[in-house]
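The next block holds one structure in the form of structure tokens; read it before the comments.
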Amino acid sequence: MSRIPLGILASSLPSGGNALTLISTTILNSTSSSVTFSSIPATYKHLQIRFAGNSTTNGSDFEIQFNSDTATNYSTHWLVGTGSSVSSAGLANQSIMLAFGVQTGMNTTATTAVIVDILDYANTNKYKTMRSLAGTTTTEICLTSGSWRSNTAVSSITLKTANYAYTAGSRFSLYGVS
Amino acid sequence: MPSALVPLANITLGSATASVTFSSIVGTYRDLMLVAQVGHTVASSLRLRANSDSGANYSYVSMIGTGTSTASGGGGGITYYPLTEYGIQATTPIVTSITHLMDYSATDKHKSLITRHSESGYQVSALACRWASTSAITSLVIFPGSSTFVAGSTFALYGVSA
């Protein structure tokens, strides 16, 4: 067996540079149906969202909108496993992208983990794309990809759940990738 | 501004090894990320335990593609976080596993992880797992189910800043 005491090793490792920078973290003090990261600087190459939390009611989803655009400018495709079956589908011309909750969704007790990568978010020459890896032990594991049909740089991100709300203690973090 | 991705440990096995343990993990980060590239001496699944807990306190849901079929599995009351559903076939360190442990040091929630696993020529999979404990994670052990890691297998643990 190889046993690594981190207190000794960590001090001898080189630093990770500035490849990943925390921009903002929100931890809910009370239930909320949405969280918005605004005034996102355009100085990074990509963005990453990291979420761990629950919903107030079973079956909630995890939705994404950019720059408060609520028009039908989004598409999502997904691959999902529910513990008994695997399926794939997509939605075009929607008012949101889905990062999670395409089948059975979030849960009131088992924590949902979501990681979303938004690529070239500040580029004004292309549509914006995202991909996510997300799962809740008791409901589903999914891979999604989404697009926002706009060349505008992403300056705000709204994370929301349809019909229900995120619970107090749910955590939303936004990172910049250099 | 310091990087939010902080390397905590990075090891390469010089010989076949039954398991790798990361201990004394500080609680000052938000998440942990474990990147492993492994091979097994005998085909077996890849597993992870928190705080040496070998009780039936873990559960999971999975999604797998093999190139010819798909499958989804899940269950509870198991004694480890499964990082793969099917056994790793490769006997050279070419299998990639990237695991994110979210809010690993929180003491008011169970510990969830999401992981992606890639073994070219055999399988690609994703899993969501939970350890039903509100204890902060202070150690992790990664191990093959009934095998050993081959020499050259690598393991890197990172802290993601709060």
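So you know, we letter chains A, B, ... as the sequences are listed, proteins then strands, and number each from 1.
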Quiz item: Relative to chain A, which segment of Ala126(B) carries a heavy atom at a distance below 4.5 Å: side chain, backbone, both, or neither?
Solution: both
Quiz item: If you link I, L, V, M, F, W and Y whenever their side-chain heavy atoms are under 4.5 Å apart, who else ends up in the same group as Trp78(A)?
Solution: Val80(A), Leu91(A), Ile96(A), Leu98(A), Val102(A)
Self-check item: Neighbourhood of chain B inside residues 55-71 of chain A, taking heavy atoms under 4.5 Å as contact
Solution: none
Quiz item: Any idea which heavy atoms bring Ala19(A) and Ser3(B) closest together, and the distance?
Solution: N-OG, 4.0 Å
Exercise. Verify, without hydrogens or angle tests, whether Thr137(A) (side chain) and Arg130(B) (backbone) share a donor-acceptor contact under 3.5 angstrom.
Key: yes
Exercise. Sort out for me which of Glu85(B), Lys109(B), His100(B) touches chain A most, counting heavy-atom pairs under 4.5 Å.
Key: His100(B)
Quiz item: Given a strict heavy-atom distance threshold of 4.5 Å, which part of Thr25(A) is in contact with chain B: side chain, backbone, both, or neither?
Solution: side chain
Self-check item: Spatial distance of atom CG (Asp103(B)) from atom CZ (Phe51(A)) [nearest 0.5 Å]
Solution: 9.5 Å
Quiz item: In the single-linkage hydrophobic clustering (I, L, V, M, F, W, Y; side-chain heavy atoms under 4.5 Å), do Leu34(B) and Ile94(B) co-cluster?
Solution: yes
Quiz item: Which heavy atom in Gly83(A) sits nearest to a heavy atom in Ser72(B), and how many Å separate them?
Solution: N-OG, 2.7 Å
Quiz item: Of the backbone (N, CA, C, O) and the side chain (C-beta and beyond), which part of Ala132(B) lies under 4.5 Å from a heavy atom of chain A, both, or neither?
Solution: neither
Self-check item: Partners passing side chain to side chain donor-acceptor pair (under 3.5 Å) against His77(A) (at least two apart in sequence or in another chain)
Solution: none
Quiz item: Given a cutoff of under 4.5 Å between side-chain heavy atoms of I, L, V, M, F, W and Y, with clusters grown through shared members, what are the other residues clustered with Leu143(A)?
Solution: Leu79(A), Val86(A), Ile115(A), Leu133(A), Ile141(A), Val61(B), Met63(B), Met102(B), Ile114(B)
Quiz prompt | Residue pair Tyr175(A) / Val160(B), side-chain heavy-atom distance below 4.5 Å | solution = yes
Exercise. Can you establish whether the number of heavy atoms outside Asn93(A) located under 6.0 Å from its atom CG is more than 12?
Key: yes
Quiz item: Can you check whether Thr112(A)'s main-chain N or O pairs, donor with acceptor, with Ser112(B)'s side chain at less than 3.5 Å?
Solution: no
Quiz item: Are any non-hydrogen side-chain atoms of Leu20(A) and Met33(B) less than 4.5 angstrom apart?
Solution: no
Exercise. Working to the nearest 0.5 Å, report the span between CG of Leu5(B) and CD of Gln48(A).
Key: 9.0 Å
Self-check item: Which portion of Thr138(A) sits near chain B, non-hydrogen atoms under 4.5 angstrom
Solution: side chain
Quiz item: Contact part of Ile23(A) toward chain B, heavy-atom cut-off under 4.5 Å: side chain, backbone, both or neither?
Solution: neither
Practice problem: State plainly whether one hydrophobic cluster holds both Ile49(A) and Ile40(A), where clusters connect Ile, Leu, Val, Met, Phe, Trp and Tyr through side-chain heavy atoms under 4.5 angstrom apart. | Solution: yes
Quiz item: Do Leu47(A) and Phe37(A) sit in the same hydrophobic cluster, where Ile, Leu, Val, Met, Phe, Trp and Tyr count as joined when their side-chain heavy atoms come under 4.5 Å apart?
Solution: yes
Quiz item: Hey, which of His110(B), Arg116(B), Arg30(B) has the most heavy atom pairs under 4.5 Å with chain A?
Solution: Arg30(B)
